[in-house]
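Counting convention: from 1, in listed order, for ligands and their atoms alike.
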Amino acid sequence: MPSHKPIRVALLGCGTVGTEVVRLLTDQAADLAARVGAPVELAGIAVRKPNKHREVPADLLTTDAAALVASDVDVVVEVIGGIEPARTLLLDALRAGKSAVTANKALLAEHTAELSAAADASGADLYFEASVAGAIPLLRPLRESLAGDRITRVMGIVNGTTNFILSGMDSTGASYGETLEEATRLGYAEADPTADVDGFDAASKAAILASLAFHTRVTAADVHREGIASVSAADIAAAKALGRIVKLLAICERVPVGGDGEGADAGATEGISVRVHPAMIPRSHPLAGVNGAFNAVFVEADAAGEMMFYGQGAGGAPTASAVLGDLVAVARNLVQGGRGPRESAYAGLPSRPMGQTPTRYHISLDVADRAGVLSQVAAVFAEHDVSIAAVRQEGRVDDASLVVVTHAATDAALRSTVDKIGGLPVVREVVSVMRVEGEET
Ligand SMILES: NC(=O)c1ccc[n+]([C@@H]2O[C@H](COP(=O)([O-])OP(=O)(O)OC[C@H]3O[C@@H](n4cnc5c(N)ncnc54)[C@H](O)[C@@H]3O)[C@@H](O)[C@H]2O)c1
Ligand SMILES: N[C@@H](CCO)C(=O)O
Ligand code: NA
């Protein structure tokens with residue numbers, strides 16, 4: 001039996017995730033104690049409305065989260081969400097030398113520097129595996145298992161709500177609006193789905209992933225963000241016609257820098273691009289088969305090569321699994337002495353603006369079916385120094401469709417190419433414009 005004194009845990013928030021944390025802590029108490037080497041005891045649960053929590057022991061409930069944090073606890077688990085009061089509560093805990101576990105990506109994407117500094121100053125642990133891709137072990141592999149390698153790219157589906165909607169649009173051909181309604185009816189999308197569909201949730205996760213992968217401090221403000229509201233049935237059909245599928249991707253990659261920049265870029269030869277946007281990927285890509293509310297993250301590293309992490313990225317029990325894994329880790333550190341890895345931001349790579357990021361575009365046009373159209377369109381690409389990888393033209397009686405897939409060029413050059421093409425008299429409509437990922441450039 002464990003001889004160490006019990007590890008006392010304060011749980012802040014008892015919603016979808018918190019309820020499952022309580023259940024796992026209770027159901028697995030004996031196993032957890034054996035694994036940690038000390039009993040892991042729930043000292044209190046901070047909630048807003050105690051009468052709404054009949055499923056958890058009433059004597060543990062309190063509405064005073066700050067007092068619970070200040071009480072005789074060793075670890076604080078934060079599953080409230082949002083910036084305040086979560087930020088202040090976690091800072092108070094860390095400053096007092098109490099280790100912290102959080103699932104709060106919104107907070108981490110803004111305030112990791114401050115939280116890590118507080119943890120370093122007191123020697124406490126800060127763990128947050130549940131904040132990205134829920135149950136999937138991802139942050140610890142990036143931070144620990146791959147610490148000896150050089151990660152070049154992380155590309156993932158890290159938002160279940162938008163993946164559910166895009167998968168639905170792909171399988172039924174329905175519009176974005178219709179599919180969002182269905183997702184809301186089934187309880188996948190929240191009443192206010194803004195954070196998910198506009199890409200804020202994925203952008204927070206991208207910032208956390210890029211920070212770990214590239215040993216660089218990246219915040220949500222460094223992430224280029226586009227959501228899925230403008231993805232049309234025509235985009236989905238255009239992708240399908242060429243053996244591709246549309247996904248909302250979080251992409252973190254190393255990109256070359258000229259070294260002629262100013263400020264943070266001066267003299268740098270390498271930067272990073274961190275972005276969230278819909279993109280077409282080949283149906284043969286490992287991420288293409290990730291459907292519904294599942295998450296998956298594809299990682300490329302110099303020595304390890306390609307890896308994929310796949311599983312449930314959301315939901316009470318899956319997210320609580322990651323929270324409990326972190327809780328066991330910090331509790332073990334308390335029992336055995338020592339600390340988990342500290343924040344590592346030594347590389348300080350500059351974030352490159354989207355306009356200077358190399359991307360590829362898929363462009364579908366409705367054009368007049370007459371001689372010379374193709375050469376007029378091709379001339380605009382040449383003017384912008386954008387090289388064409390493939391062209392497909394289909395003529396009909398009074399109009400025709402033209403699909404162009406480019407080689408890599410800067411996003412800014414591609415954007416101005418599309419703008420200029422849209423203004424050509426022979427182009428009736430720009431049917432679909434989308435970036436292409438997951439293929440040779
Ligand atoms: N639900 C998921 O699938 C999921 C997945 C990964 C990460 N997360 C993250 O986990 C955290 C919690 O998510 P959730 O889905 O459980 O949210 P939730 O809204 O279900 O639960 C949050 C709870 O915190 C309570 N709360 C709010 N202010 C409080 C305060 N001052 N003191 C005490 N309690 C307070 C709310 O009343 C609510 O019960 C968020 O940071 C979220 O981003 C959730
Ligand atoms: N709203 C998020 C929850 C998990 O972070 C999603 O849909 O993936
Ligand atoms: Na995770």
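- When heavy-atom distances to ligand 1 are checked against a 4.0 Å cut-off, Lys105 comes that close only through its side chain, counted from C-beta outward.
- The proximity of Pro85 to ligand 1, defined as any non-hydrogen pair under 4.0 Å, is limited to the side chain.
- Using a 3.5 Å distance cut-off with no hydrogens or angles, the side chains of Asp192 and Thr194 do pair a donor with an acceptor.
- Rounded to the nearest 0.5 Å, atoms CD (Glu129) and CG (Leu327) are 14.0 Å apart.
- A salt bridge between Asp170 and Arg283 is present, with a side-chain N of the basic residue lying under 4.0 Å from a carboxylate O of the acidic one.
- Between Ile151 and Leu142 there is a side-chain heavy-atom pair separated by less than 4.5 Å.
- Nearest non-hydrogen protein atom to atom 23 (C) of ligand 1 is Gly15 N, 3.8 Å.
- In terms of protein heavy-atom proximity, atom 15 (O) of ligand 1 is closest to Thr16 CB, 3.5 Å.
- Below 4.0 Å from some heavy atom of Ala46 lie the following atoms of ligand 1, by number and element: 33 (C), 34 (N).
- Scanning all protein heavy atoms for the shortest distance to atom 25 (C) of ligand 1 gives Gly13 CA, 4.3 Å.
- Annotation: atom 7 (O) of ligand 2 to nearest protein heavy atom, Thr161 OG1, 2.6 Å.
- Within the protein, the N, O or S atoms lying under 3.0 Å from the Na ion (ligand 3) are Glu129 O, Glu129 OE2, Val132 O, Gly134 O, Ile136 O.
- We find that Arg87 and Glu110 are not joined by a salt bridge, their nearest charged nitrogen and carboxylate oxygen being 4.0 Å or further apart.
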Solution key, residues 155-169 side-chain donor-acceptor pairs under 3.5 Å, sequence neighbours excluded:
residue, atom, partner, partner atom, Å
Asn159, OD1, Thr161, N, 3.3
Asn159, OD1, Thr162, N, 2.8
Asn159, OD1, Thr162, OG1, 2.8
Asn159, ND2, Asp196, OD1, 2.6
Asn159, ND2, Asp201, OD2, 2.8
Thr161, OG1, Asp196, OD2, 3.3
Thr162, OG1, Asn159, O, 3.2
Asn163, OD1, Lys247, NZ, 3.2
Asn163, ND2, Val290, O, 3.0
Asn163, ND2, Gly292, O, 2.9
Ser167, OG, Asn163, O, 2.8
Ser167, OG, Gly292, N, 3.1

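- When all heavy atoms are compared, the tightest approach of Ala409 to Leu414 is O-CD1, 3.7 Å.
- Here Arg140 pairs with Asp326 in a salt bridge; the nearest charged N to carboxylate O distance falls below 4.0 Å.
- Atom CG of Asp222 is separated from atom CG of Leu349 by 11.5 Å, given to the nearest 0.5 angstrom.
- Considering only non-hydrogen protein atoms, atom 5 (C) of ligand 1 sits nearest to Thr319 OG1, 3.1 Å.
- Cation-pi contact between Arg225 and Phe200: present, with separation from the ring centre below 6.0 Å and deviation from the ring axis of at most 45°.
- Scanning the protein for heavy atoms near atom 1 (N) of ligand 2, the closest one is Asp196 OD1, 2.9 Å.
- Annotation: Asn295 places no N or O atom under 3.5 Å from an N or O atom of ligand 2; distance criterion only.
- Those atoms of ligand 2 with a heavy atom of Ala314 less than 4.0 angstrom away are 3 (C), 4 (C).
- Looking at Thr359 and Met354, their side chains come closer than 4.5 Å, going by heavy atoms from C-beta outward.
- With salt bridges taken as basic N to acidic carboxylate O contacts below 4.0 Å, one links Glu343 and Arg217.
- The protein heavy atom nearest to atom 13 (O) of ligand 1 is Val17 CG2, 4.0 Å.
- Ligand-side atoms of ligand 1 in range of Ala130: 6 (C), 7 (C), range being under 4.0 angstrom from any heavy atom.
- By the definition of a contact as any protein heavy atom under 4.0 Å away, atom 17 (O) of ligand 1 is not in contact.
- At a threshold of 4.5 Å between non-hydrogen side-chain atoms, the residues Leu115 and Leu91 count as touching.
- The shortest contact between atom 3 (O) of ligand 1 and any protein heavy atom is with Gly315 N, 2.7 Å.
- Atoms of ligand 1 lying under 4.0 Å from any heavy atom of Val47, numbered from 1 in the order shown and given with element: 33 (C), 34 (N).
- Between Arg275 and Asp411 no salt bridge is recorded (no basic side-chain N to carboxylate O distance below 4.0 Å).
- Proximity to Lys205 (heavy-atom distance under 4.0 Å) selects the following atoms of ligand 2: 4 (C), 5 (O), 8 (O).
- Close contacts between ligand 1 and Ala314 involve ligand atoms 3 (O) [criterion: under 4.0 Å to a heavy atom].
- In terms of N/O distances under 3.5 Å, ligand 2 is approached by Gly160.
- Residue, atom and distance of the protein heavy atom nearest to atom 9 (C) of ligand 1 are Ala103 O, 3.3 Å.
- From Leu25, atom CG reaches atom CG of Leu42 across 6.0 Å, with rounding to the nearest 0.5 Å.
- Within ligand 2, the atoms closer than 4.0 Å to a non-hydrogen atom of Lys105 are 4 (C), 5 (O), numbered from 1 in the order shown.
- In terms of protein heavy atoms, atom 27 (C) of ligand 1 is closest to Ile80 CG2, 3.5 Å.
- Side-chain polar atoms of Asp419 and Ser416 form no donor-acceptor pair below 3.5 angstrom.
- Asp120 has a carboxylate O that lies under 4.0 Å from a charged side-chain N of Arg339, or vice versa, which qualifies the two as a salt bridge.
- Applying the 4.0 Å criterion to heavy atoms of Val79 picks out, from ligand 1, the atoms 12 (C), 22 (C).
- Between Gly18, Gly81, Ala195, it is Gly81 that holds the heavy atom closest to atom 41 (O) of ligand 1.
- Annotation: side chain of Ser116 is not in contact with side chain of Arg342 (no heavy-atom distance under 4.5 Å).
- Looking at Val22 and His53, their side chains never come closer than 4.5 Å, going by heavy atoms from C-beta outward.
- Per-residue contacts place Gly313 under 4.0 angstrom from the following atoms of ligand 2 (heavy atoms of the residue considered): 4 (C).
- Taking every non-hydrogen atom of Asn159 and a distance limit under 4.0 Å, the qualifying atoms of ligand 2 come out as 2 (C), 6 (C), 7 (O), 8 (O).
- Every N/O-N/O distance between His53 and ligand 1 stays at or above 3.5 Å.
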